[in-house]
There are 2 protein chains.
Amino acid sequence: MSSEEKIQNDKRAHILDVAEYLFAQQGFEAVSIREISKAADINIAMVSYYFGSKEKLYEAVVTRKLISSELILHYIERYNCSTDKLFAIVDLLTDKFFEHRNMQTIIFREMAMEQRTAMAELIANQLHQNFTIINDVIQKGIKQKEFKKVDVELTVMTIIGIVKIYTTSSPVVCKVLKTEDKELMFSKQYKLRLKKYLKELLTNHLGIK
Amino acid sequence: MSSEEKIQNDKRAHILDVAEYLFAQQGFEAVSIREISKAADINIAMVSYYFGSKEKLYEAVVTRKLISSELILHYIERYNCSTDKLFAIVDLLTDKFFEHRNMQTIIFREMAMEQRTAMAELIANQLHQNFTIINDVIQKGIKQKEFKKVDVELTVMTIIGIVKIYTTSSPVVCKVLKTEDKELMFSKQYKLRLKKYLKELLTNHLGIK
DNA sequence: CAAATTTAATTAAACGTTTGTTTAATTTGC
DNA sequence: GCAAATTAAACAAACGTTTAATTAAATTTG
């Protein structure tokens, strides 16, 4: 990559970062191009120049950070038993959700919209792929008598649901955890607590010895 | 209540219903007063006439259906042991979330906004109250050796998280459950499945005999 | 290697729409 | 006939986008 390309990519990436933050905070419609431009310290016309339109900027923001199923598969292939695979998924998901919680806010807001846009479909498919991987791991674990028989689909949803509500409902989670501090809530300490809890929950639920 | 008041209330309620549906589908900013008016078959000016502004209409929509903590308390007071209380809460929450899932979509979208509005604060407080009730039930159950020792706050979040992701992420949940039909997803049958799953999960997790 | 030329990046201003809200006139129900 | 309900029209403000002009950078040329 030449140096000028890097500079342009930096600027593009900067706009994407700013836009992601604002979209996550307020939602797509609530954020104006003028607001993004001001926050990113660029001219209003630059968004159209780089991305074509506000809609396409949004698409770029979303697609940039989707958790690919390849990543998950690659991450768990090193483990042999289903328990280790499942726990690795818990770690990975928690890490990714904590790291990209702005993105997760956007993604699940999009999922809450009933109207099927092309992008909503894209996200749903991606999430479904990730669901399927976790589903298969649990299914295999049950088959090999490593896990008890459970409602597999809802178990998958449980994992995602907890991590999701933790990372995307911070005002109320803050209150519940009595932290009053969002920084603390997303600290290493609390991330460990969440991971530990999830593994204990799954251990109990799946009857892991 | 006089007959004309009833008619006015009906019209107000009708606007609230339509607005709730649209707000849940698209979010506050994405819905215009013109769209609401068209869908509700009223004049544009009637929203201002009845509610004052779009903002106040939104407030009216949200506050109308918040699950009051009194309702929960009243619902569980008839039960003696913590297990029965907890299972009653599972039933109540599932029912309410299924019944008012439009509302839940709006509420958690508001919670995902980082900017603290007056209404976000109101919702957070309400949710926190509900959290606290569940929290207390589990805490008491542990104290009385009815439950195993667990991370109580995260257990509460688990219950809410599962019901929430089920009711407010229907596109992806549909795919996961292989129903392809949103009606089926919110049928009695599937509601029972969810309740049963939650109780089994809690039974395993809390070591209920 | 500097000057000339072309391309890319950036800007301020203006575009036509749409937004939420208000006004002032009209209709409705009692 | 009077008050409440309803309407169409108009309001300024904000929206996403485009334009045409300008600056900066890259490339070509002599």
Side-chain angles (χ1 to χ4, degrees), chain A residues 1-62 106 109-110 113 115 117-119, chain B residues 1-62 106 109-110 113 115 117-119:
Chain A
M1 185 187 293
S2 74
S3 138
E4 94 240 19
E5 268 176 349
K6 197 181 276 173
I7 287 171
Q8 180 177 324
N9 277 349
D10 279 358
K11 198 151 224 168
R12 267 184 67 101
H14 176 59
I15 298 175
L16 286 169
D17 286 339
V18 171
E20 178 184 313
Y21 176 74
L22 291 174
F23 283 144
Q25 262 203 340
Q26 310 177 37
F28 175 73
E29 316 276 348
V31 181
S32 69
I33 291 194
R34 281 166 179 80
E35 190 178 353
I36 297 172
S37 307
K38 204 172 181 180
D41 199 31
I42 53 160
N43 188 274
I44 319 166
M46 294 310 289
V47 169
S48 289
Y49 182 77
Y50 276 126
F51 299 96
S53 68
K54 186 187 175 187
E55 192 83 37
K56 282 180 185 165
L57 167 64
Y58 190 58
E59 281 179 32
V61 165
V62 172
I106 295 177
R109 187 180 295 142
E110 206 65 31
M113 309 277 181
Q115 48 184 8
T117 62
M119 208 182 49
Chain B
M1 184 188 291
S2 74
S3 138
E4 92 233 23
E5 268 175 349
K6 196 182 278 171
I7 286 170
Q8 181 177 325
N9 277 348
D10 279 359
K11 198 151 225 166
R12 266 185 67 101
H14 176 60
I15 297 175
L16 285 169
D17 286 340
V18 171
E20 178 185 312
Y21 176 74
L22 291 174
F23 283 145
Q25 262 202 340
Q26 309 177 39
F28 175 73
E29 316 277 347
V31 182
S32 68
I33 291 195
R34 279 166 180 81
E35 189 177 356
I36 296 171
S37 308
K38 204 170 181 181
D41 200 31
I42 53 160
N43 188 274
I44 319 166
M46 295 308 290
V47 169
S48 290
Y49 181 76
Y50 276 126
F51 299 95
S53 68
K54 186 188 175 187
E55 191 82 37
K56 282 180 184 165
L57 168 64
Y58 190 57
E59 280 178 33
V61 165
V62 172
I106 294 177
R109 188 180 294 144
E110 207 64 32
M113 310 278 181
Q115 49 185 7
T117 63
M119 207 182 51

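In what follows, chains are A, B, ... by sequence order, proteins preceding strands, each numbered from 1.
Rounded to whole angstrom, the span from the CG atom of A/Leu57 across to the C1' atom of D/dG16 amounts to 12 Å. The interatomic distance linking A/Ile36 (CD1) with D/dG16 (P) rounds to 8 Å, in whole Å. Rounded to a whole Å, the CE atom of B/Met46 is 9 Å from the C1' atom of D/dT7. For the pair B/Lys38 NZ and D/dA8 C1', the interatomic distance rounds to 16 Å; values are reported in whole Å. Atom pair A/Lys11:NZ and D/dA25:C1' shows a separation of 13 Å (rounding to whole Å applied).
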- [ ] Let me have a per-nucleotide readout for nucleotides 17-28 of chain C, 5' to 3', with B, S or -, counting only protein heavy atoms under 4.0 Å.
- [x] --BBBB------
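In terms of heavy atoms, B/Val31 sits closest to B/Ile36 at CG1-CG1, 3.5 Å.
Residues passing the ring pair (Phe, Tyr, Trp, His ring centres under 6.0 Å) test with A/Tyr21, sequence neighbours excluded: none. By the ring pair (Phe, Tyr, Trp, His ring centres under 6.0 Å) test, A/Phe51 is found to be paired with no residue, residues two or more places apart in sequence or in another chain being considered.
With no hydrogens or angles considered, no side-chain donor-acceptor pair links A/Glu29 and B/Gln26 at under 3.5 Å.
B/Asn43 contributes atom CG, which lies 11.0 Å from atom CD1 of B/Ile33 (distance to the nearest 0.5 angstrom).
The phosphate of C/dT10 has neither OP1 nor OP2 within less than 4.0 Å of any side-chain N or O from A/Tyr49.
Judged by a 6.0 Å distance limit and a 45° cone about the ring axis, A/Lys56 is not positioned over the six-membered ring of A/Tyr50.
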